[in-house]
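Beneath this line is the structure, given in structure tokens, with notes to follow.
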Protein chains: 4
Amino acid sequence: MVKKDKPKYKQIINAAVIVIAENGYHQAQVSKIAKQAGVADGTIYLYFKNKEDILISVFQEKMGIFVSKLEEIISRELTASTKLGLMITSHFELLASDIHLAIVTQLELRQSNHDLRLKINNVLREYLKLMDKILIKGMEDGEFDIEMDIRLARQMVFGTMDETITTWVMNDHKYDLVELAPQVHRLLLKGMQA
Amino acid sequence: MVKKDKPKYKQIINAAVIVIAENGYHQAQVSKIAKQAGVADGTIYLYFKNKEDILISVFQEKMGIFVSKLEEIISRELTASTKLGLMITSHFELLASDIHLAIVTQLELRQSNHDLRLKINNVLREYLKLMDKILIKGMEDGEFDIEMDIRLARQMVFGTMDETITTWVMNDHKYDLVELAPQVHRLLLKGMQA
Amino acid sequence: MVKKDKPKYKQIINAAVIVIAENGYHQAQVSKIAKQAGVADGTIYLYFKNKEDILISVFQEKMGIFVSKLEEIISRELTASTKLGLMITSHFELLASDIHLAIVTQLELRQSNHDLRLKINNVLREYLKLMDKILIKGMEDGEFDIEMDIRLARQMVFGTMDETITTWVMNDHKYDLVELAPQVHRLLLKGMQA
Amino acid sequence: MVKKDKPKYKQIINAAVIVIAENGYHQAQVSKIAKQAGVADGTIYLYFKNKEDILISVFQEKMGIFVSKLEEIISRELTASTKLGLMITSHFELLASDIHLAIVTQLELRQSNHDLRLKINNVLREYLKLMDKILIKGMEDGEFDIEMDIRLARQMVFGTMDETITTWVMNDHKYDLVELAPQVHRLLLKGMQA
DNA sequence: TATGAATGAGAATTCATTCAT
DNA sequence: AATGAATGAATTCTCATTCAT
């Protein structure tokens, strides 16, 4: 059994999400995370190399859920446009169901330093690659404009989703994010359709 | 003559942009900014309340240029779609011509804490309001889909532009950002057209 | 059978010498010593009261070899001057044949704190007492200056030997220490002769 | 006026000697030194790069006194043997007159880590070079044995002095160190005489 | 006997801000 | 207005030791 499978590993990850969401990135001291996780400060360092390692792991573990979900969607027998819709919906659902996580990914983790952000971007890249698969399939199948720049299209899709979620979080999630998914889907679809 | 008109005010603002761009947000100490501006540390505090005030002022002063430009575009006798295109192009041009500023607004200033980001968002809101004016005019004139959610449309426009610029900055601006403007324009237009 | 006779006791002592010599006093953690000895961290505490106890025991065990050797030399039927020469030679030989031990006693163990050094000095005292026996015999037999201060003489003998060994260790033992013994002997003899 | 001439520089150096002597090397926290010096913790870092820099500077500043004194002795028109005597006496006098300094140089500073000790040795080397000058002159003038190994002789001189002082410090300086100087001188002289 | 996961105290250093000059 | 020396609060990480198994 490796470290990541031990119960305390996930315990600390989850504690970190809560502490960062409730206190903000810069007020999320290791001792607070340890306390929230119900372990001693030193125990943190049996599972993580340093504080940065906790934060990257938070992102990896949680982003992993998005990636798995997206892989599952892609593997299904559906049109690219339907897949796009499912991706948006499930992305919104996951964050709407875990406000703490939404705060952390949309606001707090972006305050991290350059190095950490580079590492986070590596994790993100995997997600964006899957997104590209949908776009390419849509272009090949004649659903999406064959002439469109794949990078720009991806930036539109991700940028729109990201901006929508961030706005929702900054407005204290006082409206229903998931309800917006169909409209976002329609908007993006129009932009990309053949 | 108020403080903002005094030469040292702008001198410090510009020094801050350079220092933050070259050292990163977390390595932009007040003493470095003072040195770059050619003044003593204490002098900073004759022009700014505190460090946060410098950063907000940087954003306000620089964002003001975008706002002025956009106001000028809106005031012209043009179709909403043409205005949208001009907005994208001039936005890209301004950042492409000042890499330091691009780094600061797209990457470094986002590492600021929650409070500062809220204040930055207030400044940004003015810009987004002007953007809304174009979208509303386009809907009224029958250019854009009258059914579309104005907030989502704005998030798509801003999100796409923002993501495009950030990706360009993170790729060390090794390709021409301004050249992408027409394609981004076309993509967004398709998404919003009636 | 007491603890000191059990195989793991010596195993840990020897592991400590190696770990300290190779990593330095401040990087010789208990866990490293345990690993080198092939036992669990907790096992150390079945044989030693605490970390300091390991270090004192290292010194005692190893110094014991010097003391035995010296006792054997003293018991022989020889002139004081010859005994002095044998002492120097065998002292040098022992350290030259165990570089790890030389590094530990000449450099690393001296970085220990005040308390530990006091305890080490107690162990050393036994050796110095035997040294005194040779000097006293020499004075009684008319070989050494009867007027000389025994304490000062001992400090000269030990200080010279110690300084010579330390210099050799600090120069990465790139010359032959044992070859220096006759010269050191002659030098000290001249200083003490009647 | 450079940093070393500013009053606070020496103030901190002297505070460090007292704090280290009274608390021991490992209990000499920066905050204690700052308090003893009557400055804020942060002020220390305006004059010293880090804690190690304080300790090296202590050694350099204080060792400088020994070096100056020795240079002055060497420059006089005296026999090598007289110079040797003056060196021993003034070395003993300086340490006997500043017990704190004696504790620091003979016991506490030797607990420093490998890196720091290497730097201290560089400072010490200057002193040893001057010592060599006396020995060489003595050999050239026929006072000292022309056949003697200069390195071994120096190790005898320094080792004997060092061991004598350390023993005195460890015995809580309950006897008069300076009174021992003539005897030490005589002992060493006999060892080296032609 | 032996294990090794868990504990938690302890300290160097940075940097925004002040204020006497 | 301008200076810049001085301030001091605040936080990560290590590692000797314990104790349930």
Side-chain angles (χ1 to χ4, degrees), chain A residues 1 3 6-9 12 26-35 37-54, chain B residues 3 6-9 12 26-35 37-55, chain C residues 3 6-8 12 26-35 37-55, chain D residues 1 3 6-9 12 26-35 37-55:
Chain A
M1 185 157 92
K3 270 185 184 170
K6 293 186 181 168
K8 286 200 177 152
Y9 179 83
I12 292 166
H26 292 289
Q27 280 305 306
Q29 293 87 349
V30 171
S31 61
K32 266 188 198 150
I33 296 173
K35 198 171 186 183
V39 299
D41 292 19
T43 305
I44 298 273
Y45 293 88
L46 296 176
Y47 295 90
F48 300 92
K49 224 170 66 245
N50 50 35
K51 188 179 177 182
E52 190 179 69
D53 190 24
I54 308 176
Chain B
K3 273 184 182 171
K6 295 190 180 165
K8 283 194 180 162
Y9 178 82
I12 293 166
H26 292 288
Q27 280 307 306
Q29 293 87 350
V30 172
S31 61
K32 261 189 202 153
I33 296 173
K35 198 172 185 184
V39 300
D41 293 18
T43 305
I44 299 269
Y45 291 87
L46 298 174
Y47 294 89
F48 300 91
K49 219 170 73 243
N50 50 35
K51 189 180 177 181
E52 190 178 71
D53 190 23
I54 309 175
L55 303 174
Chain C
K3 274 184 181 172
K6 295 191 179 165
K8 284 196 180 161
I12 293 166
H26 293 288
Q27 281 306 305
Q29 292 87 352
V30 172
S31 61
K32 262 188 201 152
I33 295 172
K35 197 172 185 183
V39 300
D41 293 18
T43 305
I44 298 270
Y45 291 88
L46 299 174
Y47 295 90
F48 300 92
K49 221 171 71 242
N50 49 34
K51 189 180 178 181
E52 191 179 71
D53 189 25
I54 308 175
L55 302 175
Chain D
M1 184 158 94
K3 270 184 183 169
K6 293 186 181 169
K8 286 198 176 153
Y9 178 83
I12 292 166
H26 292 289
Q27 280 305 306
Q29 293 88 349
V30 172
S31 60
K32 264 188 200 151
I33 296 173
K35 198 171 184 183
V39 299
D41 292 18
T43 304
I44 299 270
Y45 293 88
L46 296 176
Y47 295 90
F48 301 91
K49 222 169 70 245
N50 49 36
K51 189 179 177 182
E52 189 180 71
D53 190 25
I54 308 175
L55 303 174

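Each chain gets a letter, A, B and so on, in the order the sequences are listed, and its residues count up from 1. Side chains are part of it too, since the values below use all heavy atoms of this structure and drop only hydrogens, waters and symmetry mates.
- Read 5' to 3', the first and last nucleotides of DNA chain F with an atom closer than 4.0 Å to a heavy atom of chain A are F:dT11 to F:dT14.
- The nearest pair of heavy atoms linking A:Ile33 to A:Ala28 is CD1-O, 4.1 Å.
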Is there any protein nitrogen or oxygen under 3.5 Å from a nitrogen or oxygen in nucleotides 14-16 of chain E, and what are the pairs?
from	atom 1	to	atom 2	distance (Å)
E:dC15	OP1	B:Gln29	NE2	2.8
E:dC15	OP2	B:Gln29	NE2	3.2
E:dA16	OP1	B:Lys51	NZ	2.9
E:dA16	OP2	B:Val30	N	2.8

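- Within the nucleic acid shown, C:Lys8 comes within 4.0 Å of sugar-phosphate atoms alone, with no base atom in reach, counting heavy atoms only.
- Every ring-ring contact (aromatic ring centres under 6.0 Å, His included) that A:Phe48 has, sequence neighbours left out, goes to A:Tyr9.
- If you take CD1 on A:Ile12 and CD1 on A:Ile44, they are separated by 4.0 Å, rounding to the nearest 0.5 Å.
- Note on the helix from E:dA2-F:dT21 to E:dT21-F:dA2: angle between the axes of the first and last five pairs equals 10°, rounded to 10 degrees.
- One atom, CZ of C:Phe48, and another, P of E:dA2, lie 13 Å apart when rounded to the nearest Å.
- Note: CD1 (A:Ile44) to P (E:dT7) measures 10 Å, nearest angstrom.
- Of the residues near DNA chain F, C:Glu52 and D:Tyr47, the one whose nearest nucleotide (by heavy atom distance) lies more toward the 5' end is D:Tyr47.
- Scanning for side chain to side chain contact (heavy atoms under 4.5 Å, CB included) contacts around A:Lys51 gives A:Val30, with sequence neighbours left out.
- With sequence neighbours excluded, the residues forming a side chain to side chain donor-acceptor pair (under 3.5 Å) with C:Gln27 are C:Gln29, listed by chain and number.
- Separating the CD1 atom of D:Ile54 from the P atom of E:dA11 is a distance of 15 Å, rounded to the nearest angstrom.
- For A:Val39 and C:Gly38, each mapped to the nucleotide of DNA chain E holding its nearest heavy atom, the one lying further toward the 5' end belongs to C:Gly38.
- Residue contacts shown for D:Lys32 are absent, as no nucleic acid heavy atom lies under 4.0 Å away.
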